[in-house]
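Below: one structure, written as structure tokens.
In this chain, numbering begins with 1 at the start of the sequence shown. No experiment lies behind these values; they were computed from the predicted model shown.
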Amino acid sequence: MEKDKYKIRQARIDEAVKIRELLKTWLKEAPFNFGNTNNKKSLENIVFYIKNSFVIVVEYENVIVGTLAATIDETLYSDKKFLRTLWLHVHPKYRNFHVFRAMMLVFKEYALTKKVTAICEIFQGKDVGRKHNAFTKLGFEVIGGTYIVNG
């Protein structure tokens, strides 16, 4: 796959179904059984975030192969704003460090334009060690973790 065939841009409302279908490929990798997709609910949320937050897509040969969404938020105990990820996913067939790096640079640039700290909370699924190495290689620091007990 050639680097110049990838394009990152803002998502459009008319792409919400494509984004939802791409995100469904993540469910197969999730370490927790989240159940079946509620198509209506997920589509409503994707549309909401495209309208009100920051959603990008990665295209390869005019096919959406990756997506990242983030929103400006605050904690329940403080008014300090920060940018937090809502989702980050690249179809397994198209994953590589180049795509990940490009998405993270766009994420960081957006945070800089908004003058907020960027926190990437999405860090589960397959290859957690590899993902950890990729994030630290790009200058992200570990500030917590995701743990699970299946019930």
Does Thr85 use its side chain to pair, donor to acceptor, with the backbone of Ala70 at less than 3.5 Å? no
Does the side chain of Met103 come within less than 4.5 Å of Val106's, by heavy atoms? no
So do Ile46 and Leu23 actually touch side chain to side chain, heavy atoms under 4.5 Å? yes
NZ of Lys115 to CG of Leu83, rounded to nearest 0.5 Å, is 14.5 Å
On a heavy-atom basis, the closest approach of Ile50 and Ala11 is CG2-O, 3.7 Å
Check the hydrophobic clustering (I, L, V, M, F, W, Y; side-chain heavy atoms under 4.5 Å; chains of links allowed) and say if Phe140 and Leu112 are grouped together. no
Leu88 and Phe107, any side-chain heavy atoms less than 4.5 Å apart: no
Check: Asn133 and Phe97 side chains under 4.5 Å, non-hydrogen atoms: no
Do Arg84 side-chain atoms and Ile119 backbone N/O form a donor-acceptor pair below 3.5 Å? no
Going through the checks in order, is the salt bridge (Lys or Arg N to Asp or Glu O under 4.0 Å) test met by Glu15 and Lys18? CA-CA 5 Å; Glu15 297 171 318; Lys18 291 178 183 177; 5.9 Å; no
Do Val55 and Trp87 have side chains that get closer than 4.5 Å, going by heavy atoms? yes
Assigning hydrophobic clusters by single linkage (Ile, Leu, Val, Met, Phe, Trp, Tyr; side-chain heavy-atom cutoff under 4.5 Å), is Leu105 placed with Val116? no
Parallel, tilted or perpendicular, judged at 30° and 60°: which one describes the rings of Tyr94 and Tyr60? tilted
Straight-line distance of Ile19 CD1 to Thr67 OG1, nearest 0.5 Å: 4.5 Å
Give me the atom names and distance for the closest heavy-atom approach of Ile56 to Phe54. CG2-CZ, 3.5 Å
Connected via hydrophobic side-chain network under 4.5 Å: Val63 and Val90: yes
For Lys114, I'd like to know if atom NZ has over 12 heavy atoms of other residues, nucleotides or ligands within 6.0 Å. no
Between the NZ atom in Lys81 and the OG1 atom in Thr75, the distance rounded to the nearest 0.5 Å is 10.0 Å
Taking side chain as C-beta onward, heavy atoms only, is Asn96 less than 4.5 Å from Tyr6? yes
Given the rule in the side chain to side chain contact (heavy atoms under 4.5 Å, CB included) test, do Leu68 and Met104 qualify, once you have shown the distances and angles that lead to the verdict? CA-CA 9 Å; Leu68 178 147; Met104 290 298 96; 3.3 Å; yes
When rounded to the nearest 0.5 angstrom, what is the spacing between CD in Glu59 and NZ in Lys7? 5.5 Å
Minimum side-chain heavy-atom gap Val47-Ile13 below 4.5 Å: yes
Are Lys24 and Glu21 within salt-bridge range, i.e. N to O under 4.0 Å? yes
In Å, rounded to the nearest 0.5 Å, how long is the span from SG of Cys120 to CZ of Phe135? 3.5 Å
Qualifying residue for side-chain hydrogen bond (donor to acceptor under 3.5 Å, both in side chains) with Thr25, from Lys93, His89, His91: His89
Would you compute the distance between atom CZ of Arg20 and atom CG of Asn45 and round it to the nearest 0.5 angstrom? 12.0 Å
For Phe100, does the six-membered ring have the charged nitrogen or CZ of Lys137 within the cation-pi criterion, i.e. under 6.0 angstrom from the centroid and within 45° of the normal? no
